Amino acid sequence: MCVRGQAPCPGESRVNSDRLPGLLVALALVASCGGKTDAPSGEAAAPAAIEDPSAPRGSLAWAAGGEWRIEKARDAHRHPVETLSFFGVRGSDTVVEISPGGGWYTAILGPYLREGGGRLYAAHLDPATSDYARANVEAFKAVFVDRPDVFGTIDLTIGSRESPGLAPDGSADVVLTFRNVHNWMAGGYADKIFADAYRALKPGGVLGIEEHRLPSARDQNPAAGTGYVQEAYVIQLAAAAGFRFDGASEINANKKDTTDHPLGVWMLPPTLRSSADGGPPPPGYDAETYRAIGESDRMTLRFVKPADSPPTP
């Protein structure tokens, strides 16, 4: 296993637009409640109180316990502290989060890196490509970027088919993305994003990926229409960009997920989609069946940019 620090929309991703209203509501709640302080105008406000007073300030557990969190109940399915620990994220790191969406992980990474002296780049969808992307970026900016007292300084960049890069070349210790590879596949630019992640990382840097997992016995649709992707396919994409596979974890596995849902992964929580384009539900549809499954079965993979990688030209 590699130990870091030792020698060794049109033309864009197919996003889940039916979640936009709920996303904006969640972000508004964070803006009005999470991280709220009563510091006098002009004074720097400290982050809000934490739920677990035993967690050392500046630790991942501390960051994950804050009132600034979004949909904290999802921790039971998503295991953020364990996942970020597996990826080896440190508070002093420069981190790139690709396609942060509503900021579920940003709400942990921001305070964690702020406290540790690190830096966060948020590589969003291009706001010029769709109303969804524009609204998502504007909401993200209002909640996170405009609150450096809680979330630290966040640099907004773009991760798209045409974007020049996710962050300055060779600047990042860690690049992370959560449940986004299928979107890049649908948009036809997954290989480009993996190459951009490679360029952004320092030699020895880590790429951490969480993605809905398609069983190896199933056929992989190159456009990932169900939202599920084979683990081997992700490893292949990473290897083509120059990464070395460094480990896998079953932190986010869910054996109850059969991965064969008529409307894809979006039938599971948190989306719980029941129909396509406003049509009738699939035959025999029962919402409780999908609630009982929980969130999807997901791979959690770690890759490394080789320590002897030549400088990016």
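Keep in mind that what you see is a predicted model, and the values were worked out from it rather than measured.
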**Prompt:** Are Ile193 and Ile158 joined in one hydrophobic group, where the rule is that I, L, V, M, F, W and Y side chains link up if heavy atoms are under 4.5 Å apart?
**Reply:** no
**Asked** For the side chain of Asn180 and the backbone of Ser99, is there at least one donor-acceptor N/O pair under 3.5 Å apart?
**Response** yes
**Prompt:** Is a side-chain donor or acceptor of Glu115 paired with a backbone partner of Ser59 at a separation under 3.5 angstrom?
**Reply:** no
**Prompt:** Does Lys305 reach the main-chain N or O of Gly205 with its side chain, forming a donor-acceptor pair under 3.5 Å?
**Reply:** no
**Asked** What pair of heavy atoms forms the shortest contact from Asp93 to Gly88, and how long is it?
**Response** OD2-O, 3.9 Å
**Check: Ala167 main-chain N/O paired with Thr157 side-chain donor or acceptor under 3.5 Å** = no
**Asked** Can any side-chain N or O of Arg302 pair as donor or acceptor with the backbone N or O of Phe86 at less than 3.5 Å?
**Response** yes
**Asked** Quick one: does Arg114's side chain have a donor or acceptor within less than 3.5 Å of a partner on Asp149's backbone?
**Response** yes
**Request:** Could you tell me whether a side-chain N or O of Asp257 sits under 3.5 Å from a main-chain N or O of Asp297, the two making a donor and an acceptor?
**Result:** yes
**Complete:** CD1 of Ile235 to CZ of Phe245, rounded to nearest 0.5 Å, is 4.5 Å
**Asked** So, do Phe151 and Leu120 sit near enough that their side-chain heavy atoms are less than 4.5 Å apart?
**Response** no
**Interatomic spacing from OG in Ser163 to CG in Leu125 - rounded to 0.5 Å** = 10.0 Å
**Request:** To the nearest 0.5 angstrom, please state how far the OG atom of Ser171 sits from the CG atom of Leu166.
**Result:** 9.5 Å
**Message:** Checking Glu162 against Asp126 for the side-chain contact (heavy atoms from CB on, under 4.5 Å) test, could you report, in this order, the C-alpha distance in whole Å, the side-chain angles of both residues, the deciding distance, and whether it holds?
**Reply:** CA-CA 9 Å; Glu162 307 295 338; Asp126 186 344; 5.9 Å; no
**Prompt:** What are the two closest heavy atoms between Ala122 and Ile154, and how far apart are they?
**Reply:** CB-CG2, 3.9 Å
**Message:** Once you measure the plane-to-plane angle for His212 and His182, does it fall in the parallel (<30°), tilted (30-60°) or perpendicular (>60°) bin?
**Reply:** tilted
**Prompt:** Taking the side chain as C-beta and beyond, is there a heavy-atom pair between Leu109 and Leu84 under 4.5 Å?
**Reply:** yes
**Message:** For a side-chain contact (heavy atoms from CB on, under 4.5 Å) check, start with the C-alpha distance between Val95 and Val89, then their side-chain angles and the critical distance, and finish with the verdict.
**Reply:** CA-CA 8 Å; Val95 177; Val89 182; 4.0 Å; yes
**Asked** With Pro281, which residues qualify under side-chain contact (heavy atoms from CB on, under 4.5 Å), at least two apart?
**Response** Tyr285
**Message:** Is there a side-chain contact (heavy atoms from CB on, under 4.5 Å) between Met185 and Gln220? Walk through the geometry before answering.
**Reply:** CA-CA 11 Å; Met185 292 169 62; Gln220 178 66 69; 3.7 Å; yes
**Non-hydrogen side-chain atoms of Met267 and Pro262 separated by less than 4.5 Å** = yes
**Message:** Let me confirm one number: the CG-OG1 distance from Leu176 to Thr106, rounded to the nearest 0.5 Å.
**Reply:** 10.0 Å
**Request:** Kindly state each residue pair satisfying ring pair (Phe, Tyr, Trp, His ring centres under 6.0 Å) with at least one member in residues 95-130, sequence neighbours excluded.
**Result:** Tyr105-Phe178, His124-Phe140
**Request:** Measure from the side-chain N and O atoms of Glu231 to the backbone N and O of Ser216, and report whether any donor-acceptor pair falls under 3.5 Å.
**Result:** no
**Complete:** Residues Gln230 and Asp219: closest non-hydrogen pair is NE2-C, 4.3 Å
**Prompt:** Which heavy-atom pair separates Tyr198 from Pro306 by the least distance, and what is that distance?
**Reply:** OH-CD, 4.0 Å
**Item:** Side-chain donor/acceptor of Trp62 to backbone N/O of Ala55, under 3.5 Å
**Value:** no
**Request:** Measure the shortest side-chain to side-chain distance between Val234 and Ile209 over non-hydrogen atoms and say whether it is less than 4.5 angstrom.
**Result:** yes
**Asked** Between OG1 of Thr94 and CG of Asp155, what distance do you get to the nearest 0.5 Å?
**Response** 9.5 Å
**Prompt:** Between Glu288 and Arg291, does at least one N-O distance fall below 4.0 Å, as a salt bridge requires?
**Reply:** yes
**Prompt:** Taking atom OG1 of Thr259 and atom CZ of Arg218, what is their separation to the nearest 0.5 Å?
**Reply:** 3.5 Å
Going by atom type alone, with no hydrogens or angles, which donor-acceptor pairs under 3.5 Å involve a side-chain atom of residues 247-255 and a protein atom two or more places apart or on another chain?
from: Ser249; atom 1: OG; to: Ile251; atom 2: N; distance (Å): 3.1
from: Glu250; atom 1: OE1; to: Arg213; atom 2: NH2; distance (Å): 3.0
from: Glu250; atom 1: OE2; to: Arg213; atom 2: NH1; distance (Å): 3.0
from: Asn252; atom 1: OD1; to: His79; atom 2: ND1; distance (Å): 3.2
from: Asn252; atom 1: OD1; to: Arg298; atom 2: NH2; distance (Å): 3.2
from: Asn252; atom 1: ND2; to: Thr83; atom 2: OG1; distance (Å): 3.2
from: Asn252; atom 1: ND2; to: Thr300; atom 2: OG1; distance (Å): 2.9
from: Asn254; atom 1: OD1; to: Lys256; atom 2: N; distance (Å): 3.0
from: Asn254; atom 1: ND2; to: Ile293; atom 2: O; distance (Å): 2.8
from: Asn254; atom 1: ND2; to: Glu295; atom 2: O; distance (Å): 2.6

**Prompt:** If you look at every heavy atom in Gly294 and His77, which pair is closest and at what distance?
**Reply:** CA-CE1, 3.8 Å
**Request:** Mark yes or no for whether Trp184, through its side chain, and Lys192, through its backbone, hold a donor-acceptor pair below 3.5 Å.
**Result:** no
**Prompt:** So which heavy atom on Ile70 is nearest to which on Gly103, and how close?
**Reply:** CD1-O, 4.0 Å
**Prompt:** Does the pair Leu113 and Arg119 meet the rule for a side-chain contact (heavy atoms from CB on, under 4.5 Å), with working shown?
**Reply:** CA-CA 6 Å; Leu113 297 175; Arg119 183 170 186 175; over 6 Å; no
